[in-house]
Amino acid sequence: MMTLTLHNTMTRTKELFVPGDPNRVTMYVCGPTVYSRPHIGNARPALVFDVLFRLLRTLYGEDHVIYARNITDIDDKINAAAKESGRPIGDITSEFADNYRADLGALGVLPPTIEPHATAHVGEIIAMIEALISSGHAYEAEGHALFSVSAFDDYGKFSNRNRDDMIAGARVDIAPYKKDPADFVLWKPSSDDLPGWDSPWGRGRPGWHIECSAMIEKHLGETIDIHGGGHDLIFPHHENEIAQSRCSHSGADLARVWMHNGFLTMDKDKMSKSTGNIITVHELSQDHAGETIRLAMLSAHYRQPLDWSDDLLSQAKSTLDRFYGTLDNLSDVDVPAGATPSDTFMSSLTNDLNTPKALAKLSALCKAANKVDDNDERARLKGELLTSGAVLGLLQDDPSSWLKGGVNDDDAEIDALIEARTAARANKDFAESDRIRDELAARNITLEDGPDGTKWRRDS
Ligand code: AMP
Ligand code: ZN
């Protein structure tokens, strides 16, 4: 089997990926906090880890990969959104969880194998906190449960931070009940107007970090193969997940490989809800095909920053137009049974998900397919193109409808005009056929006459 190398944030090197059990490869990615629609920056981890999910399924078999991406449906920002809108919290979280699935589904992101909700795991969360308190890694103070960072020698190692950085970076409250200002919340009290659960420390709600540790333990086990998220999660979120989970599991590693995507900017500014510099996936999907957005995202390596722009989208669209043009020209040959992705494509993708290189290999496959005449070779290349494309979640549309710009209201009218032009040509009425061609050109429709009739595409 082809080997896979992945960059591990823990060791800051690229390593050969060796799962604990190749029949049960486990991956956890921190999912959305559901109080607003995802912006295109939030879509980056979803898309990057969707490609990794597809690649792992290709390498290990579909039934051997378990991918969990949680829904954070307990959070102070959700409570604030509910208060502001006067709507029940459960309505808000289920609406935005549905939007998240729909918006990412439009980009071809596969549903994860498991989608655990924090609110459904409060029992497990309380049990984990109780165990941490009994083993001396956490303590209760004024209705809170706090993790005691001095009880974990490795605290700060993962994110490579010293104490002062950690206190500043975490913006932790220097609350009087904390033994150490770097100690972080596992449980906090809820006032009557806020969601809360009964616990040994009174009515309250869990902190964000412990939710992930408890859901990972329950669904995937003590040590998982891959843990992912955006690089802003390295500290404090992942540092704290590691502290909680390792102290609950006699020091066992939480993940074999830690992966973090770089940040997406717009006009070179960080895209984030707090600065308001955002475009939502939903807005983008009104004007661009899902695969165009997807290819634009995958045109940069996942660890690099990516500046989002209209230019990036139009480049992605013209690349896809070329790919679909090739596939359209191959419409007369069938994909051979048992077709698989090309080796050179796979060797790029298995090198720490080098999507820019993998896309260049797809271009090379198209160039080769455009050149050859032999039908067996054309069929073989078509098989490689489609199966390679599928690992990236691309080239899954029908080529002729892609080239027509998707299904548009005037498609039937264009087909009728083309038929009229064909009839005019058959009658040698070239003035009329040229007139129709010009009329279509004015509507950005380009015609291509071939042995099987006239094909058309819509230029942007
Ligand atoms: P949030 O819903 O804000 O917790 O974010 C969900 C995921 O999106 C996390 O993995 C973040 O790291 C990631 N994320 C948020 N903003 C960006 C961005 N501008 N670029 C890349 N990833 C981001
Ligand atoms: Zn998490």
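Indexing begins at 1, ligand by ligand and atom by atom, following the structure's order. The figures that follow rest on heavy atoms only: side chains count, while hydrogens, waters and symmetry mates do not. Computed from a predicted structure; not experimentally measured.
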Looking only at atom types and distance, does a side-chain atom of Thr223 sit under 3.5 Å from a main-chain N or O of Asp253, one as donor and one as acceptor? yes

Could you tell me if the ring centre of Phe184 sits under 6.0 Å from that of Phe147? yes

Indicate, with yes or no, if the rings of His238 and His231 have centres closer together than 6.0 Å. no

Identify, for atom 10 (O) of ligand 1, the protein heavy atom at the shortest distance, and state residue, atom and that distance. Gly230 N, 3.1 Å

If you take the centroid of each ring, where Trp contributes its six-membered ring, are Trp258 and Phe158 closer together than 6.0 Å? yes

The atoms of ligand 1 lying under 4.0 Å from a heavy atom of Gly262, numbered in the order shown, are 21 (C)

Give me the nearest non-hydrogen protein atom to atom 23 (C) of ligand 1 as residue plus atom name, then the distance to 0.1 Å. Gly41 O, 3.3 Å

Any idea how many protein N, O or S atoms are nearer than 2.8 Å to the Zn ion (ligand 2)? 4

Quick check against the 3.5 Å criterion: does Asp397 have a side-chain atom that pairs as donor or acceptor with the backbone of Trp402? no

Quick one: does Leu264 get an N or O within less than 3.5 Å of an N or O on ligand 1? yes

Take atom CG of Asp398 as the centre, draw a 6.0 Å sphere, and report whether it contains more than 12 heavy atoms from other residues, nucleotides or ligands. yes

Give a yes or no on whether Glu84 atom CD has more than 12 heavy-atom contacts from other residues, nucleotides or ligands under 6.0 Å away. no

Determine whether the side chain, the backbone, both or neither of Asn261 has a heavy atom under 4.0 Å from any heavy atom of ligand 1. side chain

Just by modelled atom types, is the Arg303 backbone N or O under 3.5 Å from a matching donor or acceptor in the His301 side chain? yes

Does an N or O anywhere in Met271 fall below 3.5 Å from an N or O of ligand 1? yes

Examine His144 together with Trp201 and report whether their ring centres are nearer than 6.0 Å. no

Closest to atom 9 (C) of ligand 1 among protein heavy atoms sits Leu233 CD1, 4.0 Å

May I ask you to check if ligand 1 and His231 share an N or O to N or O distance below 3.5 Å? no

How close does the nearest protein non-hydrogen atom get to atom 15 (C) of ligand 1, and which residue and atom is it? Asn42 ND2, 3.3 Å

Decide if atom CG of Asp310 counts as having more than 12 heavy atoms of other residues, nucleotides or ligands within a radius under 6.0 Å. no

For ligand 1, is there an atom lying under 4.0 Å from some heavy atom of His39? yes

Do me a favour and list the nearest non-hydrogen protein atom to atom 4 (O) of ligand 1 with residue, atom name and distance? Thr33 OG1, 4.0 Å

Check each of Thr265, Asp232, Val29, Thr275 against atom 12 (O) of ligand 1 and report the one with the nearest heavy atom. Asp232

Note the single closest protein heavy atom to atom 7 (C) of ligand 1, along with its residue, its atom name and the distance in Å. Pro45 CG, 3.9 Å

Stepwise side chain to side chain donor-acceptor pair (under 3.5 Å) test for Trp187 and Ser199: CA-CA 9 Å; Trp187 187 267; Ser199 81; 3.3 Å; yes

Taking the six-membered ring for Trp and the full ring for Phe, Tyr or His, determine whether the centres of Phe152 and His137 are under 6.0 Å apart. no

